[in-house]
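What you see is a predicted model, and the numbers here were worked out from it, not measured in a lab. Each ligand, and each atom within it, is numbered from 1 in the order the structure gives.
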Amino acid sequence: MTSNILLVEPKYYSKYPPLGLLKLSSYHKRFGHNTELVKGTTDNISNEPDIIYITSLFTWAWKPVWEAVEFYLKNFPDSELWLGGLYASLMPAHAALSGVNPSHIFRGIFSEAEDLLPDYTLVPEWNKRISGSIVFSSRGCIRSCPYCAVPLIEKSMNSEKHSIRHLIWPDHRKVIFFDNNFLASQTWRKILDEVEELNLGVDFNQGLDARLITEEVANRISRLKIDRFIRLSYDYIQMKPFVRKAIKLLKSQGISGRNILVYTLYNFTDDPDDFYARISDILKWGAVCYPQRYEPNQALYKNQHISPKWDAIRLNAVQRARRVIGSNGAFLPHEGMLTLKIQRFFTFDEAFKEFMVPLEETIK
Ligand code: SF4
């Protein structure tokens with residue numbers, strides 16, 4: 001008997017299509033089932049579903065997930081409803097309060113669908129606009145940074161693929177790697193050989209580990225058709241020598257600093273001066289600094305967490321500076337305001353003075 005499968009992406013913002021649902025579609029189509037993807041809550045559905053899968057993303061986007069669960073449970077009481085994704089994996093007890101049967105909360109990765117080509121027929125707009133295949137050539141990570149959810153969900157490095165050819169949609173011209181730590185995989189060389197052979201554009205979406213960038217890596221990367229940025233991270237001050245060396249190596253292979261973007265974590269165990277020192281380093285090295293505010297892994301509201309060494313005025317100052325002197329939220333290494341300041345100032349408060357306004361003015 002043919003089953004009807006309804007795939008639901010709750011109504012939150014996401015730049016990328018719901019990869020897990022696209023893989024589930026491929027998985028079910030192998031059994032001859034019909035699949036349909038919808039966004040948010042709608043009763044404009046072609047067939048009464050036998051199974052409903054609802055995905056989830058960041059923990060702070062839990063409300064639209066609850067809305068979806070409530071809506072589909074009410075409208076299709078005879079369907080089997082499953083909830084999965086990041087929020088459900090990180091906070092199953094909270095997710096269960098949505099009304100979903102707790103035994104139908106799926107945590108982690110559905111391994112049976114992991115190696116299937118996602119069903120991109122469900123996202124025609126994505127195919128037209130981006131024309132890129134999202135690929136995990138590996139899962140997990142060799143590190144266990146305390147601010148990261150990867151060790152909790154995907155654990156240590158695993159599932160290293162020897163080929164990704166079967167995961168590239170025929171019409172796509174680009175591969176978007178979602179690997180958490182691409183270079184830590186034993187098979188990264190083979191994967192890049194394939195990417196070059198297929199003549200694909202490349203986006204290392206989750207960034208590359210600066211500690212693993214060698215001359216060989218920099219050379220291999222310089223041969224690729226990189227989609228705008230090579231992304232690194234400078235999460236704490238002890239990473240300084242590694243990030244400096246990585247940027248130097250990439251530049252020595254002809255990659256412009258303006259195409260090297262460095263995520264800069266703040267509001268974790270750092271203090272504002274430590275954060276400012278890292279911004280200064282990145283701009284002095286000629287790369288782009290992208291401040292990234294720390295959010296706890298189980299934050300139910302975004303931008304609410306204030307770590308012990310930060311306060312609301314300084315956190316707001318970073319946001320304002322990103323809006324006023326940043327470019328799409330990033331600080332560029334040009335001879336503009338920030339660079340001049342770096343030459344003159346030593347502390348966060350000196351450099352960000354004009355952006356530090358009393359809280360009551362922020363609220364107005
Ligand atoms: S290296 Fe990156 S992916 Fe790995 S644990 Fe640290 S932050 Fe997470």
Side-chain angles (χ1 to χ4, degrees), residues 14-16 19-20 56-60 85-87 89-91 107-109 114 134-161 164 175-188 191-192 202-214 217-218 220-221 226 229-247 249-250 260-270 274-275 278-279 281-282 287-299 302 305 307 310 329-330:
S14 173
K15 199 173 162 191
Y16 299 98
L19 192 67
S56 62
L57 197 56
F58 301 115
T59 52
W60 58 79
L86 187 60
Y87 156 67
S89 297
L90 284 169
M91 303 187 72
R107 299 180 71 181
I109 294 152
E114 178 62 2
I134 301 170
V135 169
F136 280 91
S137 76
S138 63
R139 290 280 190 175
C141 184
I142 52 167
R143 310 195 193 279
S144 45
C145 305
Y147 42 83
C148 177
V150 169
L152 301 176
I153 298 180
E154 297 188 18
K155 315 276 189 256
S156 55
M157 204 73 197
N158 64 84
S159 312
E160 293 152 272
K161 295 189 194 310
I164 54 153
V175 56
I176 302 167
F177 285 112
F178 267 24
D179 295 51
N180 306 300
N181 198 335
F182 181 85
L183 295 171
S185 162
Q186 298 294 317
T187 58
W188 70 264
I191 301 297
L192 289 192
V202 188
D203 176 356
F204 294 108
N205 197 270
Q206 302 300 297
L208 296 172
D209 188 334
R211 291 157 287 200
L212 301 178
I213 296 205
T214 59
V217 171
R220 289 299 306 260
I221 291 173
I226 293 292
F229 287 118
I230 299 287
R231 301 181 182 85
L232 306 174
S233 69
Y234 187 5
D235 293 331
Y236 46 92
I237 203 77
Q238 289 80 1
M239 285 179 76
K240 181 171 181 164
F242 301 101
V243 182
R244 180 174 48 205
K245 187 173 167 207
I247 292 173
L249 284 169
L250 291 167
I260 304 172
L261 182 144
V262 186
Y263 289 115
T264 313
L265 187 75
Y266 66 103
N267 190 38
F268 186 54
T269 53
D270 57 304
D274 166 321
F275 171 59
R278 285 178 288 136
I279 297 178
D281 284 342
I282 295 163
V288 177
C289 170
Y290 193 93
Q292 194 167 44
R293 179 172 172 164
Y294 168 72
E295 294 286 353
N297 283 331
Q298 299 198 338
K302 203 174 175 204
H305 174 76
S307 76
W310 282 84

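- Shown are D270, N267, T269; of these, the side chain to side chain donor-acceptor pair (under 3.5 Å) with S307 is made only by N267.
- The shortest contact between atom 2 (Fe) of ligand 1 and any protein heavy atom is with N180 O, 4.4 Å.
- Residue, atom and distance of the protein heavy atom nearest to atom 4 (Fe) of ligand 1 are C141 SG, 2.2 Å.
- The nearest protein atom to atom 6 (Fe) of ligand 1, hydrogens excluded, is given as C145 SG, 2.3 Å; this is a heavy-atom distance.
- Ring geometry, H305 versus Y294: the interplanar angle exceeds 60°, so the pair is classed perpendicular (tilted spans 30 to 60°).
- Counting backbone and side-chain atoms alike, C148 contributes no N/O/S atom closer than 2.8 Å to atom 6 (Fe) of ligand 1.
- Salt bridge absent: D235 and R278 never bring a charged side-chain N and a carboxylate O closer than 4.0 Å.
- Within 6.0 Å of CZ on F178 lie more than 12 heavy atoms contributed by other residues, nucleotides or ligands.
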